[in-house]
Colleague: 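Take this structure first; my questions come after.
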There are 2 protein chains.
Amino acid sequence: MERTLKVLDGKWTTLIVRELLSGPKRFGELRTALGSPSAKTLTDRLRALEHQRILTRTVHAEVPPRVVYRLTEQGESLSEVLYAMLRWGEEHPPAEG
Amino acid sequence: MERTLKVLDGKWTTLIVRELLSGPKRFGELRTALGSPSAKTLTDRLRALEHQRILTRTVHAEVPPRVVYRLTEQGESLSEVLYAMLRWGEEHPPAEG
DNA sequence: CCGTATCCCGGAGGATACTG
DNA sequence: CAGTATCCTCCGGGATACGG
């Protein structure tokens with residue numbers, strides 16, 4: 001469990017993975033979809049996920065540059081965890097004051 | 001999903017829930033089992049979980065005092081999420097350097 | 001035993017300016 | 001477009017001392 005908690009650590013990490021479950025996305029697409037975290041923060045999280053082999057980073061040599069992030073097989077397997085989270089959240093709305 | 005992320009937020013929260021899945025525990029038992037987080041931190045997290053109806057806090061009027069934390073039905077239902085985390089962690093060990 | 005009250009620190013994350 | 005480079009803020013969490 002500690003392993004999973006470490007991989008999904010950080011304010012944006014889980015949301016990044018969720019976003020990529022619907023297919024590879026560019027840096028800018030991710031920023032917009034997530035609600036515009038700072039570029040620094042997004043870069044930091046993406047690099048961490050890359051080092052943990054959760055996603056791959058592909059730079060296309062074009063002008064302007066195009067950088068695509070794609071989940072690895074390991075990354076996609078996190079869908080099991082995210083789906084459990086989704087289910088729980090749907091079935092247990094916040095308590096009233 | 002945001003709901004689940006909010007409930008499980010914090011360095012110790014998920015581990016607290018895991019610990020309580022094996023049955024109600026006292027404050028001191030939790031501290032020991034978790035590896036001695038500070039009393040302040042543990043109290044903060046337990047209070048947050050209590051407000052979110054994930055667990056209940058029962059004070060037994062004895063000397064010395066005995067305070068027992070027990071998962072609610074909602075809290076126990078988080079086992080689905082934690083189990084998915086456990087499974088993923090077991091099946092995907094850390095990548096080599 | 002189970003906290004509360006203070007004080008403190010590191011580091012995640014944001015704001016802004018700049019670059020290949 | 002997709003970052004880097006800097007600087008800064010905020011606050012979760014730890015350390016310590018004390019209280020019911």
Side-chain angles (χ1 to χ4, degrees), chain A residues 1-20 22-52 54-71 75, chain B residues 1-20 23-52 54-71 75 78:
Chain A
M1 269 215 23
E2 281 78 359
R3 156 84 171 139
T4 310
L5 290 174
K6 187 164 190 175
V7 166
L8 293 181
D9 188 44
K11 183 176 175 179
W12 299 100
T13 310
T14 306
L15 301 174
I16 291 170
V17 174
R18 177 179 66 176
E19 215 52 52
L20 292 178
S22 59
K25 288 199 172 44
R26 303 175 59 169
F27 185 85
E29 289 177 320
L30 280 173
R31 273 199 86 184
T32 303
L34 295 172
S36 299
S38 70
K40 171 183 166 298
T41 298
L42 184 54
T43 301
D44 288 351
R45 296 294 98 217
L46 288 170
R47 291 290 188 281
L49 289 170
E50 188 185 0
H51 288 143
Q52 289 163 322
I54 301 303
L55 53 78
T56 59
R57 176 175 180 269
T58 308
V59 182
H60 295 261
E62 308 168 1
V63 178
R66 181 165 57 96
V67 180
V68 175
Y69 295 88
R70 181 191 305 260
L71 291 180
Chain B
M1 267 212 27
E2 281 78 359
R3 156 84 171 140
T4 311
L5 289 174
K6 187 164 188 175
V7 167
L8 294 181
D9 189 43
K11 183 175 176 180
W12 298 101
T13 309
T14 306
L15 301 174
I16 291 171
V17 174
R18 177 178 65 177
E19 215 52 51
L20 291 179
K25 289 200 171 43
R26 304 176 58 171
F27 185 85
E29 288 177 320
L30 280 173
R31 274 200 86 183
T32 304
L34 295 172
S36 300
S38 70
K40 171 183 167 297
T41 298
L42 183 53
T43 301
D44 288 350
R45 296 294 100 217
L46 288 170
R47 289 292 187 280
L49 289 169
E50 188 187 0
H51 288 143
Q52 289 163 323
I54 300 304
L55 52 79
T56 59
R57 175 175 182 268
T58 307
V59 182
H60 295 263
E62 308 169 359
V63 178
R66 181 164 58 95
V67 180
V68 175
Y69 295 89
R70 182 192 306 259
L71 290 180
L78 280 168

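A note on names: the letters A, B, ... follow the listed sequences, proteins ahead of strands, and every chain is numbered from 1. Just so it is clear, the model here is predicted, and its values are computed rather than measured.
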Colleague: Between A:Leu30 (CG) and D:dG3 (C1'), how many Å, whole number?
Modeller: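 After rounding, the gap between these two atoms is 14 Å.
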
Colleague: What nucleotide, of C:dT4, C:dC2, C:dG14, holds the atom closest to the side chain of B:Ala39?
Modeller: C:dT4

Colleague: As a test of reading the structure: which of D:dG13, D:dA2, C:dG14 is closest to the side chain of B:Arg45, going by heavy atoms?
Modeller: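 The answer is D:dG13, which lies nearest to the side chain.
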
Colleague: With a 4.0 Å cutoff (strictly under), does any side-chain N or O of B:Thr41 reach OP1 or OP2 of D:dG14?
Modeller: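 B:Thr41 to D:dG14 OP1/OP2: side-chain N or O found under 4.0 Å.
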
Colleague: Give the nucleotide from the list D:dG13, C:dC2, D:dA2 with an atom nearest to the side chain of B:Lys40.
Modeller: D:dG13

Colleague: Do the side chain of A:Lys25 and the main chain of A:Tyr69 share a donor and acceptor less than 3.5 angstrom apart?
Modeller: no

Colleague: Do A:Leu5 and B:Leu15 have side chains that approach each other closer than 4.5 Å (heavy atoms only, starting at C-beta)?
Modeller: yes

Colleague: At 4.0 Å (heavy atoms only), tell me whether B:Arg26 reaches a base, stays on the sugar-phosphate, or touches nothing.
Modeller: sugar-phosphate

Colleague: Between A:Lys6 and A:Gln52, what is the shortest heavy-atom contact and its length?
Modeller: O-NE2, 4.1 Å

Colleague: What is the separation between atom CG on B:Leu34 and atom P on D:dG13, rounded to the nearest whole Å?
Modeller: 12 Å

Colleague: Rounded off to whole Å, could you give me the CD1-to-P distance for the A:Ile16 and C:dG13 pair?
Modeller: 9 Å

Colleague: Could you tell me the separation between the CG atom of B:Asp44 and the P atom of C:dA5, rounded to a whole number of Å?
Modeller: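 One finds 11 Å between P of C:dA5 and CG of B:Asp44, rounded.
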
Colleague: Just to confirm, is there a sub-4.0 Å distance from OP1 or OP2 of D:dG13 to any side-chain nitrogen or oxygen of B:Ser38?
Modeller: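 Looking at the OP1 and OP2 atoms of D:dG13, neither is under 4.0 Å from any side-chain N or O of B:Ser38.
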
Colleague: Considering heavy-atom distances to DNA chain D, does B:Ser36 or A:Pro65 have its closest nucleotide positioned more toward the 5' end?
Modeller: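 The residue whose closest nucleotide sits nearer the 5' end is A:Pro65.
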
Colleague: Nearest whole angstrom, please: distance from the P of D:dG3 to the CD of A:Glu62.
Modeller: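 Result: 13 Å.
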
Colleague: If I take atom CG in residue A:Asp9 and atom P in nucleotide C:dA12, what distance separates them, rounded to the nearest angstrom?
Modeller: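 These atoms are roughly 8 Å apart.
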
Colleague: Hey, is the side chain of B:Arg47 poking within less than 4.0 Å of OP1 or OP2 on C:dT4, counting only N and O atoms?
Modeller: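 For C:dT4, OP1/OP2 do have a side-chain N/O of B:Arg47 under 4.0 Å.
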
Colleague: What I'd like to find out is whether the side chain of A:Arg57 reaches to under 4.5 Å of the side chain of A:Leu46, using heavy atoms alone.
Modeller: no

Colleague: What's the CG-P distance between B:Leu42 and D:dG13, to the nearest Å?
Modeller: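 The distance from CG of B:Leu42 to P of D:dG13 comes to 11 Å, rounded to the nearest Å.
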
Colleague: May I ask you to evaluate whether B:Tyr69 reaches the phosphate of C:dC2, defined as a side-chain N or O under 4.0 Å from OP1 or OP2?
Modeller: no

Colleague: Output the single nucleotide from C:dG3, D:dG13, D:dC1 whose closest atom is nearest the side chain of B:Phe27.
Modeller: C:dG3

Colleague: Using whole Å, report how far CG of B:Leu46 lies from P of C:dC2.
Modeller: 11 Å

Colleague: With a 4.0 Å cut-off on heavy atoms, is B:Arg31 in touch with a base, just the backbone sugar-phosphate, or nothing at all?
Modeller: nothing

Colleague: Using a strict 4.0 Å threshold on nitrogen-to-oxygen distance, state whether B:Glu2 and A:Arg18 make a salt bridge.
Modeller: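 Here B:Glu2 pairs with A:Arg18 in a salt bridge, since their nearest N and O are under 4.0 Å apart.
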
